[in-house]
Amino acid sequence: MKSPSYIGRFAPTPSGYLHFGSLVAALASYLDARSVNGLWLMRMEDLDPTREVAGAQAAILHALEHYGFEWDGELIKQSQRHDAYEQIVQRWFSHGLAYACTCSRKQLEDFQGIYPGLCRNLGHDPDSAAIRIRVPELEYRFEDRVQGLYSQHLGRDVGDFVIRRRDGLYAYQLAVVIDDAWQGVTDIVRGADLLDSTPRQLYLQELLGFPQPRYLHLPLITQPDGNKLGKSYRSPPLPADQVTPLLLRALRALGQKAGDELSYASSREVLDWGIRHWDATLVPRTRSLAEAELS
Ligand code: GLU
Ligand code: ZN
């Protein structure tokens with residue numbers, strides 16, 4: 001029996017193929033869920049068609065299946081969820097919590113990414129303007145299972161942030177919070193590149209009265225030359241014939257003590273070993289080195 005007291009998910013963006021960093025994130029969220037008999041859901045974060053690579057959705061899902069991952073329930077696509085996002089944007093806009101911003105990139109370039117509130121009280125028309133949510137002068141903090149205590153002052157460090165872009169596309173921060181709650185997600189396991197998004201998400205959860213999930217942010221995976229291997233949208237797809245070695249590399253990048261006796265195991269056997277032995281306390285906090293490139 002699977003216990004709904006744990007619901008995890010993997011939420012890839014189809015702006016590129018599955019690469020080693022995303023395999024590590026998929027594996028960690030999968031093992032964390034399955035090791036406690038939890039559910040593991042799949043959500044395609046296809047919010048931005050302008051950054052989508054043709055064929056990437058199918059390629060990501062196919063690669064995951066090829067590695068032996070099985071998800072529960074139907075695949076959710078964010079491109080099908082616009083009504084849910086729009087409803088919240090409208091509600092906040094009509095309550096004055098969100099407002100239209102017409103600032104150009106040029107006008108904001110001196111503010112280091114922290115929006116200075118220029119349009120806060122100007123009452124711009126929301127059509128063809130970005131919509132920003134007002135943030136309070138408060139610190140949002142949470143205890144990450146690997147990274148420890150993390151906090152950010154939303155007013156000082158972020159400023160009012162975009163929830164719907166000028167071109168009408170919904171922001172990741174908004175969609176992720178709405179969908180995680182809608183899917184009942186209790187545990188979020190993802191890359192540390194999203195650590196500094198989490199306080200914004202906590203704030204939106206609070207506004208919406210949603211429960212706060214537990215968080216585990218994984219270390220960034222770096223290549224042996226020290227370069228980050230992560231959001232490189234040009235990363236080549238992972239080789240299809242190296243499933244077991246890549247899963248073992250991913251397990252070791254997660255600090256799990258996968259021994260050489262697994263070298264001849266099938267991908268399913270490696271995943272089952274991972275489920276039985278998963279220990280989140282072994283996950284390194286900062287950088288994790290991807291071993292030498294596979295030929
Ligand atoms: N779609 C995001 C990504 O591919 C992950 C979002 C999340 O896990 O919250 O980086
Ligand atoms: Zn503005």
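These values consider heavy atoms only, across backbone and side chains, with no hydrogens, waters or symmetry-generated copies. Numbering of ligands and ligand atoms starts at 1, following listing order.
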Inset, instruction - Would you check if the distance from the ring center of W71 to the ring center of Y30 is below 6.0 Å? - result: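 Ring-ring flag for W71/Y30: false, centres at least 6.0 Å apart.
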Inset, instruction - Kindly say whether the aromatic ring centers of H82 and Y170 come within a distance under 6.0 Å. - result: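 Yes, the ring of H82 comes within the 6.0 Å limit of the ring of Y170, centre to centre.
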Using a strict cut-off of 4.0 Å, indicate which atoms of ligand 1 neighbour a heavy atom of [X].
X: E45; value: 1 (N), 2 (C), 5 (C), 6 (C)
X: V176; value: 9 (O)
X: A11; value: 1 (N), 2 (C), 3 (C), 4 (O), 5 (C)
X: R9; value: 7 (C), 8 (O), 9 (O)

Legend entry - Contact partition for L194 relative to ligand 1, non-hydrogen atoms under 4.0 Å: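 Looking at L194 and ligand 1, just side chain atoms fall under 4.0 Å.
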I need the [X] [atom1] to [Y] [atom2] distance, nearest 0.5 Å.
X: Q183; Y: R9; atom1: CD; atom2: CZ; result: 8.5 Å
X: L31; Y: H277; atom1: CG; atom2: NE2; result: 12.0 Å
X: E52; Y: S79; atom1: CD; atom2: OG; result: 7.5 Å
X: H62; Y: Q57; atom1: NE2; atom2: CD; result: 15.0 Å
X: D157; Y: Q152; atom1: CG; atom2: CD; result: 5.5 Å

Donor-acceptor pairs under 3.5 Å, side chain of residues 200-209 to any protein atom, not counting sequence neighbours: which ones?
residue: R200; atom: NH2; partner: D196; partner atom: O; Å: 3.2
residue: Q201; atom: OE1; partner: R190; partner atom: NH1; Å: 3.1
residue: Q201; atom: OE1; partner: R190; partner atom: NH2; Å: 3.1
residue: Q201; atom: NE2; partner: Y172; partner atom: OH; Å: 3.2
residue: Q201; atom: NE2; partner: Q173; partner atom: OE1; Å: 2.9
residue: Y203; atom: OH; partner: R134; partner atom: O; Å: 2.4
residue: Q205; atom: NE2; partner: Y215; partner atom: OH; Å: 2.9
residue: E206; atom: OE2; partner: Y140; partner atom: OH; Å: 2.7

Legend entry - Residue and atom, protein N/O/S, under 2.8 Å of the Zn ion (ligand 2):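 Checking every protein N, O and S atom gives C101 SG, C103 SG, Y115 OH, C119 SG.
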Inset, instruction - Test the R132-Y115 pair against the cation-pi criterion, namely NZ or CZ under 6.0 angstrom from the six-membered ring centroid and within 45° of the ring axis. - result: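 Cation-pi check for R132 and Y115: passes.
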Legend entry - Min heavy-atom dist Y172 to ligand 1 below 4.0 Å: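 Checking ligand 1 against Y172, which is what was asked, there is a heavy-atom contact under 4.0 Å.
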